[in-house]
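Residue numbers start from 1 in every chain, and the chains themselves are labelled A, B, ... in the order their sequence lines are given, proteins ahead of strands.
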Amino acid sequence: MYLDPDKRVDLATAASYVHDGHMIALGGGLSARLPMAMVRELIRQGRRDLHVVGSAHSMDVDLLIAAGALAICEESYVGFEQDLGLAPAYRRAAETGTITVKESCCVTILTQLRAAEMGLPFLPVRGIKGTDMRRLHPEYAETTCPFTGEVLVAVPPLKPDVAIIHAPVGDAFGNLFMEQPYVLDEHFAGASNSVIATVEKIVPTEELHDRGVVIPGYFVQAIAEVPFGAHPASCYPSYSYDRAHMSTYVQAAAKPESADGYVADWVNVPGGEDEYRNKVGAESLTRLTQWSESIDQWKGLFS
Amino acid sequence: MYLDPDKRVDLATAASYVHDGHMIALGGGLSARLPMAMVRELIRQGRRDLHVVGSAHSMDVDLLIAAGALAICEESYVGFEQDLGLAPAYRRAAETGTITVKESCCVTILTQLRAAEMGLPFLPVRGIKGTDMRRLHPEYAETTCPFTGEVLVAVPPLKPDVAIIHAPVGDAFGNLFMEQPYVLDEHFAGASNSVIATVEKIVPTEELHDRGVVIPGYFVQAIAEVPFGAHPASCYPSYSYDRAHMSTYVQAAAKPESADGYVADWVNVPGGEDEYRNKVGAESLTRLTQWSESIDQWKGLFS
Amino acid sequence: MSSYTFDEWYVIRLARTISDREVVFHGFASPCAQVAMHVAKRTHAPNMMLIEGAMYAINPDPPFIPPTSNDSSLKRGAAYSMRFEEFFDAAIRGDVDRMFVSGGQIDMYGNTNVTAVGPLERPKVKLGGGGGGCNISATIKQLTLWTTRHRSGRTIVAECDFITDIGHRTPAGTREELDYTGGGPQCLVSELGVFDYDSQGRMRLQELWPDVTVEQVREATGFEFAVADEVIPVAPPTQAELDVLRAIDPLGVRRGEFDPREMEREFDLVGAGV
Amino acid sequence: MSSYTFDEWYVIRLARTISDREVVFHGFASPCAQVAMHVAKRTHAPNMMLIEGAMYAINPDPPFIPPTSNDSSLKRGAAYSMRFEEFFDAAIRGDVDRMFVSGGQIDMYGNTNVTAVGPLERPKVKLGGGGGGCNISATIKQLTLWTTRHRSGRTIVAECDFITDIGHRTPAGTREELDYTGGGPQCLVSELGVFDYDSQGRMRLQELWPDVTVEQVREATGFEFAVADEVIPVAPPTQAELDVLRAIDPLGVRRGEFDPREMEREFDLVGAGV
């Protein structure tokens, strides 16, 4: 439990809590609330050999792989759905063996996080038997129900070293408000040794209370205010996702050289997040915040 | 899952879903949000041999015992705290052996409800070992962690036939809003075969959505509008608890004859809940709703 | 009489695999299934409970289907959104009636592979992964399988290189032997035909699109499959279904699942190729 | 110099068992512990995390302590209230530093009985029950035991008729043998004295109230207990502590725990009986 009343730090300091070789959990999912600013900062700081666990993700994981920061990927999905297709860097790394793929299932990951949250050394999980998932997970075992005799797969707790969560607003203590879907963020917070949070805006606690605390601050070790910290993912109600930028990334990541180019141009820039935002451009960013003005405007962001 | 768009019924119809011998879960806890109107209606309808499961309760369980409706009590606590003391009917029934006491622990009950919610035939629970709880629960077993070798107590799922939940507001589909503490209500809803709900007021879904749905309507089989349906327990934000009435009950329940008198005077009345509310009196009820007018007024309800 | 394209008809056929009063779920990256659920809810299955993909929103009324599964537009109008664990718990304990499942490979018994084509250690194609399908395919009551890539010859295969989601039986045994309570695949809708599963859990051709022959299906399929005594043509869509479909998917995200050649298949309202 | 009553001093002594920066919990039906936590938070332990009894509210600022543990007044000013499972999960996984535990019976090792006095099948007194104490007494880091009924002679007993909450060892073994990670009882505060536990987990007298003798404690205790080399008087409360206590508990709910005779014990600010 982290009891300091004021945990505000800058992005670089927050990122320093993540060490080489850490097991990390990335908040949000697919195109929503990905902690992209923190991902970029970890790359800037040269983090290596990370082990990422979670459910369905996209550019956050792929960019860490493209930048050579990831050693083990234990997600249930990495990709850009039917719209932009397979995750280029993930695919290449998996096919050439430069990362260890420990693909998992949402239910299994959830169960392993719950084991950590509940302080239990194992939990049974229904499913897995009969599939090939155990070929990727020699660490699973079996357990027999003492009441029914049913044999179930037993999974160990999953305790990430750090959960990295981005939210629209938070307070100095680290209380976080976010909209649904929370995805696994609540469980990441409960299962991890610490949470480092980035938020669009740090507000007084009273304001946060009125909106509703989703992740309590006692799980949070550090909080940094980073506007557009999820870009190019969405962070509702602040902004929608930047489909054009995601598409630019997917095209660049298709080849190692152009992937390096993306990292050089957008991530490893001397001005950090300020420079990133400038490069994306105020006009583009503002457009993403205007999703709520009309259905046509919203829909227009996806055309 | 209960998918009817309109599940509104009267209290008597809602109560008819509870059958003799059912395992029931009562929502709320201690002096808050107890489903007292439904408890009274079950007594009026002569329900027998009920098996109640839950955490810390008071007059709801004690009144069911006083009226002879309960056969098995599997709660973690039944009483009136330090203020009004031990639960008279519960105590008498336990000491004379007229009910079966399967006292449990909040964590164990929670774990057993989770097993039902998660569709698992057992779950391990930390604790219990070394205490005398297993003397009350021969159904528990043991399981060995396949990773650490630790022996833990294994508990079976707990699937109540009916969860009986009272909330300040709901809609026709059965979506319910309530304030914290939710106690075990969410888990009762997920683990039980059905939920029957009473609410202070049924409102349009849009209004409920703005306040926030806590229990989704797909768990709810029937919903009845019953003003002061938790009295003499509280149902915030509508009203505080009626300490004087609780005290009247505790005094009456101290002896079998006066306990019968309470049931005759307050429960088995021909006019049902209308008569109950009349008897409590509009003035008393109104006073309980005025808790929010000032701190002194609120505090005054407890003096 | 207006004409319609194959993607429209296909999604409407998918929608018809849903019965009224079912609790139905689609995963992310599944626009055809996603649009099909909204079509069903707005036509023949008004009392189904629609669980919206990655949002877990209950019966939302989105203004449009966006090209990503967890956009906020997809929970508009929903009084409630499940938490992650609420949905998966419901699926595991058997409270979900139907899920849509697809895969890079699908075998005779309806097992699917969304993990990797080729050897696991050095795959030829690393697919995205299965989300939660692995576990919940065991317990959800019925599965609708779908693919828009049957014609490729690489999708409906004798044996999956990796079994991610479970069909009627795997080398480890039948569903009964594995203690699984879900019923497994009920049907497979492909861009060539519609299949059910026989009592042994094997795929069987039941319906054909009017511009496809049994021979074409055989050529595209990696194993011998049974054929129903009477193979019937897929019933044409109604104007009401087409109207609903076009209203809910103005961006045409469903089309992202198809090979461009399939887009050339166009029909009129009696169901004949034009 | 103003005088104060025993219940006030007692609660303040209980408050002092809390260290700053601890995560602390009291159960329901525990007004002395409840008030003590608010006193500690407002005096020497401003950075403790106070988890409010049956509300699971974090660091609330209630306008008064009501006579029931889940009244809405008890979450006033809290930015967050834990769900039931959030609290109990935290307690089981070891994230809670201290819990207050009492009982109708408390034995030499700090095991407590809140279930039944007398034979289990036909108890002499059926107590209310233990809430969540049974499980979480195993894993919470430190326990503060308290009783206001030591003098009765029936509370501090050689052996509990039923062990609901676990102390340092039970007939089934020590905490280590039972794989329990919590440290067990750290101290026991009674209306006669204050005890700690020795390396064998046995109760040991450390402090006495000024109006109590060791002999009186012996008479009231059901077993031979060790006595510290130097038994010190309980340190008197400060005016600041008394002010805070009186402000937070204007209804005097703490008094409900005491035998009326204890209310006659009155002191002045140097700690001597008057």
Identify which of D:Gly131, D:Cys134, D:Gly256, D:Pro63 forms the greatest number of heavy-atom pairs closer than 4.5 Å to chain B.
D:Gly131

Would you mind telling me which of D:Val114, D:Leu127, D:Leu120, D:Ile136 has the largest number of heavy-atom pairs within less than 4.5 Å of chain B?
D:Leu120

Shortest non-hydrogen separation from [X] to [Y] and the atoms involved:
| X | Y | value |
| --- | --- | --- |
| B:Gly130 | D:Ala172 | CA-CB, 3.7 Å |
| B:Cys105 | D:Gly133 | SG-N, 4.4 Å |
| D:Gly132 | B:Val107 | O-CG2, 4.4 Å |
| D:Ala138 | B:Gly127 | CB-CA, 4.4 Å |

Given heavy-atom pairs under 4.5 angstrom as the criterion, report whether the side chain, backbone, both or neither of B:Leu30 touches chain D.
both

What part of B:Ala94 gets closer than 4.5 Å to chain D, counting heavy atoms only: side chain, backbone, both or neither?
both

How long is the gap from CZ on D:Phe84 to CD1 on B:Ile109, to the nearest 0.5 Å?
8.5 Å

Can you tell me how far apart CZ (D:Phe87) and SG (B:Cys106) are? Round to the nearest 0.5 Å.
9.5 Å

Name the region of [X], side chain, backbone, both or neither, that has any atom closer than 4.5 Å to a heavy atom of chain B.
| X | result |
| --- | --- |
| D:Pro250 | side chain |
| D:Leu251 | side chain |
| D:Val125 | both |
| D:Phe64 | side chain |

Looking at chain D, which one of [options] has the largest number of heavy-atom pairs inside 4.5 Å, strictly under?
| options | value |
| --- | --- |
| B:Gly28, B:Gly29, B:Ala87, B:Gly79 | B:Gly29 |
| B:Val101, B:Val151, B:Val125, B:Leu136 | B:Leu136 |
| B:Leu84, B:Leu301, B:Val153, B:Leu110 | B:Leu110 |

Between chain D and chain B, which donor-acceptor atom pairs come closer than 3.5 Å, counting both backbone and side-chain atoms?
from	atom 1	to	atom 2	distance (Å)
B:Gly29	O	D:Asn70	ND2	2.6
B:Ser31	OG	D:Thr68	OG1	2.7
B:Ser31	OG	D:Asn70	OD1	3.0
B:Ser76	O	D:Gly130	N	3.1
B:Ser76	O	D:Gly131	N	3.0
B:Val78	N	D:Gly128	O	3.0
B:Glu81	OE1	D:Ala29	N	3.1
B:Glu81	OE1	D:Ser69	N	3.2
B:Glu81	OE1	D:Ser69	OG	2.5
B:Glu81	OE2	D:Thr68	OG1	2.7
B:Glu81	OE2	D:Ser69	N	3.2
B:Gln82	NE2	D:Ala29	O	3.2
B:Glu95	OE2	D:Lys126	N	2.8
B:Glu103	OE1	D:Lys126	NZ	2.6
B:Glu103	OE2	D:Thr115	OG1	2.8
B:Cys106	N	D:Gly131	O	3.0
B:Thr108	OG1	D:Asn135	OD1	3.2
B:Arg114	NH1	D:Asp89	OD1	3.0
B:Arg114	NH2	D:Asp89	OD2	2.8
B:Arg126	O	D:Asn135	ND2	2.8
B:Gly127	O	D:Tyr180	OH	3.3
B:Lys129	N	D:Tyr180	OH	3.0
B:Lys129	O	D:Tyr180	OH	2.7
B:Lys129	NZ	D:Leu178	O	3.2
B:Lys129	NZ	D:Asp179	OD2	3.4
B:Gly130	O	D:Thr170	OG1	2.9
B:Asp132	N	D:Ile163	O	2.8
B:Asp132	OD2	D:Ile163	N	2.6
B:Gln180	O	D:Lys75	NZ	3.0
B:Gln180	NE2	D:Ser81	O	3.1
B:Glu186	OE1	D:Arg83	NH1	3.2
B:Glu186	OE2	D:Arg83	NH1	2.2
B:His187	NE2	D:Glu85	OE1	3.0
B:His187	NE2	D:Glu85	OE2	3.3
B:Tyr236	OH	D:Asp71	OD1	2.5
B:Tyr236	OH	D:Asp71	OD2	3.1

Residues passing the side-chain contact (heavy atoms from CB on, under 4.5 Å) test with D:Ala78, sequence neighbours excluded, are D:Ala57, D:Pro60

The complete set of salt bridge (Lys or Arg N to Asp or Glu O under 4.0 Å) pairs with one or both residues in residues 26-37 of chain D, sequence neighbours excluded, reads none

